[in-house]
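Below is one structure, written out as structure tokens; comments come after it.
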Amino acid sequence: MRMDRAARAFWLESPGHGGIRDIDLPSPVEGEVLVRTLFSGVSRGTETLVFRGGVPESQYGAMRAPFQEGDFPGPVKYGYLNVGLVEEGPASLVGRTVFCLYPHQTRYVVPAAAVTPVPESVPASRAVLAGTVETAVNALWDAAPLVGDRIAVVGAGMIGASVAALLARYPAVRVQLVDANPARAELARALDVDFALPADAAGDCDLVVHASATEAGLTRSLELLAPEGTVLELSWYGDRRVSLPLGEAFHSRRLVVRSSQVGTVSPARSGRRTYADRLALSLELLADPALDALITGSCAFEELPEAMAALAAGQTQALCHLVQYDTEGH
């Protein structure tokens, strides 16, 4: 029986202004799936930067999401943390809960290869974190921490907290989550890692993962390193410039600042792991209920324009903001 093809999608109409559009979906053809969204997640750092119109023109191509429509700075349909139920498609997928790198939309049609089944051990609401955990997996492939390392994660946002959560599983590793907001101590406890304010953070680190997206955080990351230590930079600053103390002891201590970005599989694993492998691994890791601590805000899909504006203005301090859909309607 033919299902209703109507859908609604969140669009950034212009920097700082979002809205919901009514759309008609095409019928899925062979090799495609029709997915009804259950939850989507707002990747707070990147999506609020997009919402504010902060993507530099030179990065328009690099910043495109897999199923983005429109162009920066807007109108643009942007997002990539979507969990839904397959209503039509191959028999092996119909009725399955899946993750897809799709924007905020009530229903959508994509190639079947673009969705990844969510393990039964992972609740659909937690599965929206798959894209964030995938970034953390790629970062740790880049950083290659060793048993017994002393590690600080500076910036207790979605990405930093995900990295800390995975590092907590490494044997004999000292992990400290560092953030200027003392309320993040509760998050660190939920993830079973130590917490410190920047001034109190333990130094002599073999590795510092920086994810605060602030100049002060990156500077403090360098200060926390042991000689020949590495800062893995996960922050993306958009059109902002940052300055660093690369004089002083930077050269004599032979410090390293290295970038990491989820857009490509880490060179350390690219010969043996695909994007699909990385995403499937990330979903498996989400079986840990401690990661529910990263979801700290929610709204109904119809409230997303106002919620996104509040997130972009800093009025809401959610880590992952969960968007809930009407599962009875469309």
Side-chain angles (χ1 to χ4, degrees), residues 43-46 49 54-56 58-59 62-63 132-168 170 173-181 184 188 193-270 278:
S43 182
R44 184 167 173 263
T46 302
L49 188 145
V55 179
S58 64
Q59 297 300 304
M63 278 291 294
T132 304
V133 173
E134 186 179 17
T135 300
V137 167
N138 207 59
L140 294 180
W141 282 351
D142 278 336
L146 301 176
V147 173
D149 272 358
R150 294 155 296 187
I151 304 173
V153 180
V154 177
M158 282 179 67
I159 301 298
S162 295
V163 171
L166 298 190
L167 284 170
Y170 278 63
V173 166
R174 184 193 80 187
V175 186
Q176 192 167 60
L177 189 57
V178 180
D179 198 277
N181 182 357
R184 292 288 191 246
V193 296
D194 292 335
F195 175 82
L197 296 171
D200 303 325
D204 200 32
C205 292
D206 303 291
L207 169 68
V208 177
V209 179
H210 179 240
S212 81
T214 66
E215 183 176 301
L218 184 51
T219 296
R220 185 61 178 141
S221 296
L222 283 170
E223 294 170 349
L224 294 175
L225 286 178
E228 300 191 1
T230 296
V231 169
L232 189 75
E233 176 60 279
L234 295 183
S235 300
W236 192 67
Y237 300 91
D239 55 2
R240 289 182 292 134
R241 291 181 177 271
V242 297
S243 61
L244 284 179
L246 300 184
E248 302 176 6
F250 179 78
H251 289 281
S252 63
R253 300 176 71 218
R254 300 178 60 84
L255 304 181
V256 174
V257 179
R258 180 182 179 184
S259 65
S260 178
Q261 211 277 336
V262 73
T264 58
V265 175
S266 168
R269 291 293 179 271
S270 59
R278 189 179 65 183

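In this chain, numbering begins with 1 at the start of the sequence shown.
- Contact record, V178 with A201: CG2-CB, 3.8 Å, taken as the closest heavy-atom pair.
- A heavy-atom distance below 4.5 Å is found between the side chains of T219 and P245.
- Between the D206 side chain and the R150 main chain, a donor and an acceptor come within less than 3.5 Å of each other.
- Once rounded to the nearest 0.5 Å, the distance linking CZ of R253 with CG of L225 reads 6.5 Å.
- Partner of F250 under the side chain to side chain contact (heavy atoms under 4.5 Å, CB included) criterion, out of V257, L244, V256: V257 alone.
- Taking every heavy atom of both residues into account, V153 and G160 meet most closely at CG1-O, 3.4 Å.
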* Can you check side-chain contact (heavy atoms from CB on, under 4.5 Å) on Y170 and L140, steps first, answer last? -> CA-CA 11 Å; Y170 278 63; L140 294 180; 4.0 Å; yes

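- Going from atom CG of L224 over to atom CZ of R220 covers 4.5 Å, rounded to the nearest 0.5 Å.
- The CZ atom of R44 sits 12.5 Å away from atom CD1 of I159, with the distance rounded to the nearest 0.5 Å.
- For the side chain to side chain contact (heavy atoms under 4.5 Å, CB included) test with V209, the passing option among V231, L234, L177 is L234; the others fail.
- A168 approaches V175 most closely through the heavy-atom pair N-CG2, 4.5 Å.
- Here the side chains of W236 and T46 are not in contact, with every heavy-atom distance at 4.5 Å or above.
- Side chain of Q176 to backbone of A202: a donor-acceptor contact under 3.5 angstrom is found.
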* Under the side-chain contact (heavy atoms from CB on, under 4.5 Å) rule, what do E134 and S162 come out as? Steps first, then yes or no, please. => CA-CA 9 Å; E134 186 179 17; S162 295; over 6 Å; no

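- Summarising the geometry, atom CZ belonging to R278 is positioned 9.0 Å from atom OG belonging to S266; distances are rounded to the nearest 0.5 Å.
- L197 and A180 make their closest contact through CD2-O, 3.9 Å (heavy atoms, listed as atom of the first residue, atom of the second, distance).
- The shortest heavy-atom contact between M158 and S43 is SD-CA, 4.1 Å.
- Contact annotation: the side chain of V193 never approaches that of L167 to less than 4.5 Å [non-hydrogen atoms, C-beta and beyond].
- Side chains of V173 and P145 form no contact here, defined as non-hydrogen atoms less than 4.5 Å apart.
- A distance-only check finds no donor-acceptor pair linking the side chain of R240 to the backbone of G54 [under 3.5 Å].
- Going from atom CG of D149 over to atom CG of L207 covers 7.0 Å, rounded to the nearest 0.5 Å.
- Here the shortest heavy-atom pairing between N181 and F195 reads O-CZ, 3.5 Å.
- A donor-acceptor pair is defined here as one N or O able to donate and one able to accept, closer than 3.5 Å; no such pair exists between the side chain of R184 and the backbone of D179.
- For the pair S212 (side chain) and G155 (backbone), a donor-acceptor distance under 3.5 Å is absent.
- Without hydrogens or angle criteria, E228 side chain to R254 main chain gives no donor-acceptor distance under 3.5 Å.
- Taking OG1 from T230 and CG from L232, the interatomic distance works out to 8.5 Å, rounded to the nearest 0.5 Å.
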